[in-house]
Amino acid sequence: MTGTLSDENHLEALARQLSGVRVVDLFDAEGDRASDCRCEAAGLILDYSKHLLNKEAREALLQRAESADLSGSFENLTGGAPVNVTEERPALHTLLRGTRAGELPSLFTEVEKVNASLIRLVTDVHEGKRCGFARTPFTDVVNLGIGGSDFGPRMVCRALRSSGDRMTTHFVANVDPQDLDETLAQLNPATTFFIVCSKSFTTEETLTNALRARDWLLASGAGEDDVARHMVAVTTNISAAGSFGIQEADCFPIWDWVGGRYSLWSAVGLSVALQGGWSTFAKLLAGARSMDEHTQQATGKDNLPLMLSLLELWNTRYLDSDTHAVLPYSQRLEHLPDFLQQLSMESNGKRVDLSGAPLSEPTAPVLWGSAGTIGQHSYYQLLHQGNRRFTADIILPLTNDGVDRDAHRKLAANALAQSRALLTGRDTAAAQALAQERGQPEAFGPHYEMPGNHGHSLIYFNSVTPNALGALIAAYEHKTFFLSRLLGINAFDQWGVELGKVIGRRILKILETGEGFDAVDDATAVILRAWRDANPEP
Ligand code: F6P
């Protein structure tokens, strides 16, 4: 924790004072609550009036942000300070969209150089100058990547898909062969273009899929030389991509100063540009840049990412909520929860502070969610009547061009109805009245009761355009960073995922050779033997 002891005590006391308070009553007490508890940035509006937060608690949180010098931290982040302390490097995703480019000219020249080569590639593919082994234009793109080399472009391509698209995009992440096989089964090898997207170019899933994709091309009539026309790499590890057989001119560099889950804005976003054209990608970058500028300039309660981070701190640290649902009421945003899950949980799912000292406070909440209204017929039951604390972001684009107006209206009605139900719940009297109406005894009343008072935000904007989406993603990136600074942790490493990879390599060896069982526990050995028995060598 980076706040002073008095900030901490004060916030704890304010949280205690608010326990038992109903947010609906705060609306009555504070006549201007609806307009006061909102901020606007780059076309997005954040309404946080339905959180259990009053003006005094908000002031104390803003004071906490002051004490943690969040604006100074943002200056350091965007200025290229080595904020990723364990990996000893900066995290300059903001530079990829041109933020503070003038202060980092040599790095930005690199970015512009790569962007120019990406534009050439996109143009060549779209104009059919670069085509497949049958000399026909490419129609489909398959991005082979995982984690940060998959979630961002997958989510954005899905969100921006339109009838005017230049190419159809597909994403394969899982090492389960079914994922690639089912994708390739729908495709024509002669017109399929692959992006091998891996910052490290060592990731088992991606390299396995890339080798299998290459075999598919060869088995479909492509010659060894033709394969090169069908594949490019996005990586920091140009030599490994070269050893794989991708020529240097087809390797689009990213840099170690860009974190994997923050890399959408680099060549990792190539599939976005191939799908919708470079101008789409440029607008995505511009939207994110607007949010960077807002975050740099807006102060206090007017700063949207700052408020998002303070709400998360307030709810997890002081109100004991440990799970956060992201509920986009937009099918276009169906992959947003997955993207945010990595962004938040891989960044802030930590247990020590920057100095390595253990943290006693909870860090990132468990983040999950799905596109509305589907979850309403599933886990919303727990939200309304379960006994766990949670918070939520309900995300609502107001328009969606070309869709059925009546159905679109119903979607909005559902979003706002859920927000209202989370706020008000159903009290004892109303529950009793319902039991009576159903001809049931009083004892049935509690089954119809819902506590409500569940803190949640509404984030709304006009429509899912590249600009709005860029701004939305950047807002969540900055929220994640601010939260990391409030907690005093490093948001840019992910050592927790490494152990599984190391053990995975050992286990794979046992499965391959049938030797080395003593390296694992007895229960694991039994399953390893069962797997080998079920999959005998041909
Ligand atoms: O899961 C760990 C991780 O390192 C993520 O941080 C990263 O986004 C993903 O693997 C993919 O890594 P790479 O782009 O190097 O293949």
Side-chain angles (χ1 to χ4, degrees), residues 132 138-161 165 167-220 222 227 230-235 240-241 244-246 260-261 263-264 268-272 274-275 331-343 345-346 368-371 374 494 497 500-501 503-505 507-508 511-512 527 531 534-535 538:
F138 291 115
T139 54
D140 292 81
V141 191
V142 183
N143 187 84
L144 305 171
I146 196 163
S149 298
D150 168 77
F151 285 126
R154 185 193 288 260
M155 182 256 295
V156 171
C157 285
R158 168 65 189 99
L160 301 179
R161 201 156 73 201
D165 285 344
M167 299 180 80
T168 306
T169 47
H170 311 263
F171 292 84
V172 174
N174 201 340
V175 75
D176 183 337
Q178 192 112 20
D179 193 6
L180 183 70
D181 294 349
E182 285 178 356
T183 304
L184 298 185
Q186 326 153 35
L187 299 174
N188 174 0
T191 57
T192 301
F193 188 71
F194 290 92
I195 304 168
V196 186
C197 195
S198 175
K199 182 178 166 187
S200 60
F201 222 85
T202 59
T203 303
E204 183 183 62
E205 291 93 332
T206 303
L207 296 191
T208 303
N209 284 328
L211 283 169
R212 296 191 65 240
R214 178 210 255 161
D215 289 346
W216 179 70
L217 288 170
L218 292 171
S220 314
V227 170
H230 284 254
M231 278 195 173
V232 295
V234 173
T235 187
F244 178 86
I246 298 178
R261 53 194 170 274
S263 63
L264 163 68
V268 168
L270 174 58
S271 49
V272 176
L274 284 169
Q275 178 182 282
Q331 197 62 24
R332 290 189 175 279
L333 298 179
E334 65 176 328
H335 296 319
L336 182 66
D338 293 341
F339 171 81
L340 295 180
Q341 195 167 59
Q342 187 201 20
L343 177 65
M345 291 169 76
E346 201 169 70
W368 53 285
S370 61
I374 299 161
Q494 57 284 320
V497 299
K501 291 185 192 172
I503 299 177
R505 284 193 281 276
I507 300 248
L508 182 62
L511 287 174
E512 279 167 1
I527 304 171
W531 192 93
N535 295 276

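On a predicted model such as this, the values are computed, not experimentally measured, just so you know.
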| query | Can you list the residues that meet the salt bridge (Lys or Arg N to Asp or Glu O under 4.0 Å) rule with Glu204, with sequence neighbours excluded? | reply | none

Backbone N or O of [Y] within a donor-acceptor pair of the [X] side chain at under 3.5 Å?
X: His230; Y: Phe194; answer: no
X: Arg214; Y: Phe244; answer: yes
X: Asp165; Y: Arg161; answer: no
X: Arg158; Y: Leu336; answer: no
X: Thr203; Y: Glu205; answer: no

Does the side chain of [Y] come within less than 4.5 Å of [X]'s, by heavy atoms?
X: Val196; Y: Ile246; answer: yes
X: Asn143; Y: Arg154; answer: no
X: Val156; Y: Gln275; answer: no

If you look at every heavy atom in [X] and [Y], which pair is closest and at what distance?
X: Thr235; Y: Ala241; answer: CG2-CB, 4.0 Å
X: Ala173; Y: Asn209; answer: O-ND2, 3.8 Å
X: Ala233; Y: Phe201; answer: CB-CE1, 3.9 Å
X: Gly369; Y: Pro337; answer: O-CB, 3.5 Å
X: Thr206; Y: Ile146; answer: OG1-N, 3.7 Å
X: Val268; Y: Ser263; answer: CB-O, 3.2 Å

Roughly how far, to the nearest 0.5 Å, is [atom2] of [Y] from [atom1] of [X]?
X: Asp150; Y: Ile195; atom1: CG; atom2: CD1; value: 11.5 Å
X: Gln178; Y: Thr183; atom1: CD; atom2: OG1; value: 10.0 Å
X: Leu211; Y: Leu144; atom1: CG; atom2: CG; value: 10.5 Å
X: Trp216; Y: Thr192; atom1: CH2; atom2: OG1; value: 4.0 Å
X: Phe151; Y: Arg261; atom1: CZ; atom2: CZ; value: 11.5 Å
X: Leu270; Y: Thr169; atom1: CG; atom2: OG1; value: 11.0 Å

| query | Of all residues at least two apart in sequence or in a different chain, which pass the side-chain hydrogen bond (donor to acceptor under 3.5 Å, both in side chains) check with His170? | reply | Asp140

